[in-house]
Amino acid sequence: MKLLEKLLNSNLNVVGTENIPDTPVLFVANHFTRAETFILPYMLHRFTKKKVRSLADDTVFVGALGKYLRSMGTVSTSDPNRNEIILGDLITGRHDWLIYPEGIMVKNKHILKKRHYMLQTSNKTRRIYTGSAILSLKAELLKKELLIAQDIHDAEMVSSLYKKYFISEQDNINPKPLHIVPITINFYPIRPGKNPIYSLAKRFINNTSDRIMEEIEIEGNILTNAEVVLHFSKAINIYEYIKKERRLVHKIPFVSIHAKNNLVLNYFRYRLTHKFMSQIYDNIYINFDHIFAASLYFWDHDTIARRTLKNLIYINARDIKKLDKYHLHHSIDERISRLFMAEGNIHYDSIFNLAFEQNILTKHHEIYQINHDKLNNPQDFHKDRLNNTLKIFVNELRKFKDIIKIFNHNAKLSDKELADKTFNILLRSDEKEYYQDYIKYFSKTESKPRKFGSPFFLAAKTHSRVGIILSHGYKASPEEVKNLAIFLNNEGFNVYAVRLKGHGTAPINLKYTHWEDWYDSFFRGYAALKQRCDHVIAAGFSTGGLLALLIAAQKKHKISAVISINAAIKLNDIRVNLVPTIHYWNEFLTLLHSSKGKKEFIIDKPENPKINYSKNYLKGVKELSDLMDHCNKSLKQIESPTLIIQGANDPVVNPKSGKIIYNKINSKVKKILTPDFNNHVIIKNTNQQLFSEISKFIRDNVT
């Protein structure tokens, strides 16, 4: 199994192992694939050291797989003694057990939540089986009978029960109470398609049914390059769960112990089943596929624009996160704003391609046609996973009324309402991220006033469809560009001043930040402004200038103009070239668990100490160096009108930087200014002439 895991590049993980008690345990889990029969026992042993027995369909006990299953103590579902074997194991604690209460692979994941949980299969709707609950209740009741029989030395009763439940004389009754531990099995992504396992099966297995090949196709993909996460919910102590009612029942006179136990069983079988199935279904990990599919399903119209769909997905994901009650997969974590990057969200591309292949979506330029008939109508139970995979994702969410309410509400919003809501969420999430970082890294001696670091938006006082993303430089904060932002806003432009991740908090924050995080921060400003503006200008100072150039290279014509101010393509300090060597030396020492010989930061004197960090972490300089290289290689892709401003006597950025940018970009409209300044932060004070040049360039080339 370890070899198979490596060969398939599977990512297996568990959450909640602390919920597994040191007592006899009956694990109960949802059932979606046949592969779970051999994956789960392996994962349980690998991550929890628990050796579990389980049930499997008689048809899988063939060849090497059958040998493997028998070696684990797996019992056939057709074994006439299966229940007695399970009860004997649970009473003695010889083995823990794993059971799938649903009784079948629920391939369509269509679970109805009424008074009881119901399965919607191809032919009928039925309740979840209560067998798991009955076995756990019986085990606890039988254990009590056996312990009483032993106490009163009823040898005949003890011998009879031992024989019936396959308990040997060497076995002891485990006095610890039996616990049920619900397991939620989460797979991501779920994709049909040919894979190495499917190809091998086609080649070596003859006369295989379509149903088996469907399972191999789906499950081969689930096992290959996919994530499998087991979520263990809080254990249910069966003794404590039935204690009060059992005592009351056992006080009833003139009724046999067998009849009393049956009363307890009948009273609790559905209640207990509902309890642990609630935990199983409530602990699914909501992922990008769920949000994408449900956004289409609940959309009232037959068409949807690409931009509207992305807004809808983003809003639905953020609204579900706001509920703060469901487990969210990392595909919809804080980086979900990458959804708005045309080239930056593998989750969107993957599920969109699946929707296109399965004829759920057809594309007409930037407008998508939705095949609601296919999404709404029930399909073949055994082929849903192959032909209508998105419907499965919708089914998995339909039991959550508060989530469905979110999808229904947002589906009724107009394009403008969706755009406004997206803008507000993006801005609030930027502000919240900064606040959380500030609290996390706050230093009494090194942090600046919190107001300096907060991102801000200045709306044009009169209607304008032009917006400017404006970014500060390295070791600074949005306060650095505030004067320029106010000036441009007074000129009639919308301005979004971003806060680059790691900045505006404390210097050590830069030790844990990558240049890609800075780009994400800048891009969120772009994503926000696109909701309100037809024309977006990328502008930045120093490191912010690099990011403005980089996004122009990435987005091309979607950036209406670029304003690059003292962009750090080339630095004056040659010691920067030594930083990568020192950085890797530090990392090597970290691997050796040694702090001796490390040099993690230097103290410098910033030009604007009220705003800038005075401590410069070498990790941050290394990231800046990488950003410089990446930007330099991308300059030739820039086609937008570009204004390059480079101070003639800049003490930090080599003045040659401006000419390098000018010569490499492919913009038809480009202009370079070299004002005679002797400092680097040339935007610190309001320079009327310089700021006016920026405003004029925008008006001449954008408005």
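When reading the values below, keep in mind they use all heavy atoms of this one structure, side chains included, and skip hydrogens, waters and symmetry mates. The first residue in the sequence is number 1, and the count goes up from there.
A donor and an acceptor atom, one from each side chain of H503 and N509, are nowhere located under 3.5 Å apart. When only modelled atom types and interatomic distance are considered, Y270 and R127 share a side-chain donor-acceptor pair under 3.5 Å. No side-chain N or O of K391 forms a donor-acceptor pair with one of N376 less than 3.5 Å apart. Of the N and O atoms on the side chains of H347 and Y188, at least one donor lies less than 3.5 Å from an acceptor on the other residue. No side-chain donor-acceptor contact under 3.5 Å links T505 and D437. Side chains of Q358 and N388: a donor-acceptor N/O pair is absent below 3.5 angstrom, by distance only. Side-chain contact of H329 with S331: a donor-acceptor pair under 3.5 Å is present, judged by distance alone. Defined by atom type and a distance below 3.5 Å, a donor-acceptor pair is missing between the side-chain atoms of K109 and N30. Looking only at atom types and distance, the side chain of H364 has no donor-acceptor partner in the side chain of Q369 under 3.5 Å away.
Using a 4.5 Å heavy-atom threshold, the side chains of L296 and L309 count as touching. Residues Y314 and I336 are in side-chain contact: their nearest non-hydrogen atoms beyond the backbone lie under 4.5 Å apart. Residues L390 and Y297 form no side-chain contact, since every pair of their non-hydrogen atoms from C-beta on lies 4.5 Å or further apart. Residues Y368 and T362 have side chains not in contact (no heavy-atom distance under 4.5 Å, counting atoms from C-beta outward). Taking 4.5 Å as the limit, every side-chain heavy atom of N345 sits out of range of all side-chain heavy atoms of K310. Taking the side chain as every heavy atom from C-beta outward, L529 and F457 approach each other to under 4.5 Å.
Checked against the 6.0 Å centroid threshold, Y117 and H274 count as a close aromatic pair. Residues F340 and F523 place their aromatic rings such that the two centres sit no closer than 6.0 Å. Residues Y526 and F522 place their aromatic rings such that the two centres sit no closer than 6.0 Å. In summary, the aromatic rings of Y281 and F400 are positioned with their centroids too far apart to meet the 6.0 Å limit.
Under a 4.0 Å N-O distance rule, the pair D430/R524 qualifies as a salt bridge. Comment: K501 does not engage D517 in a salt bridge, judged by the lack of any side-chain N to carboxylate O separation of less than 4.0 angstrom. The pair E433-R499 meets the salt-bridge criterion, with a side-chain N (NZ, NE, NH1 or NH2) lying under 4.0 Å from an Asp/Glu carboxylate O. Comment: D319 does not engage K405 in a salt bridge, judged by the lack of any side-chain N to carboxylate O separation of less than 4.0 angstrom.
E366 meets the salt bridge (Lys or Arg N to Asp or Glu O under 4.0 Å) test with R306; sequence neighbours excluded.
Atom NZ of K461 sits in a crowded spot, with more than 12 heavy atoms from other residues, nucleotides or ligands closer than 6.0 Å.
Screening V181, T17, V25 for a side chain to side chain contact (heavy atoms under 4.5 Å, CB included) with K50, the sole residue that qualifies is V25.
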Check step by step if side chain to side chain donor-acceptor pair (under 3.5 Å) holds for D402 and Y326.
-> CA-CA 11 Å; D402 49 357; Y326 296 101; 2.7 Å; yes
What's the verdict on side chain to side chain donor-acceptor pair (under 3.5 Å) for S233 and N283, showing C-alpha distance, side-chain angles and the deciding distance?
-> CA-CA 8 Å; S233 298; N283 284 312; 2.6 Å; yes
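Applying the side chain to side chain donor-acceptor pair (under 3.5 Å) test to pairs two or more places apart or on separate chains, those with a residue in residues 284-295 are R191-D289, H231-Y285, N287-H290, H290-E396, S295-N316.
Using modelled atom types, no side-chain atom of E102 and backbone atom of L119 make a donor-acceptor pair closer than 3.5 Å.
Annotation: cation-pi pair R126/Y129 present, NZ/CZ under 6.0 Å from the ring centroid and within 45° of its normal.
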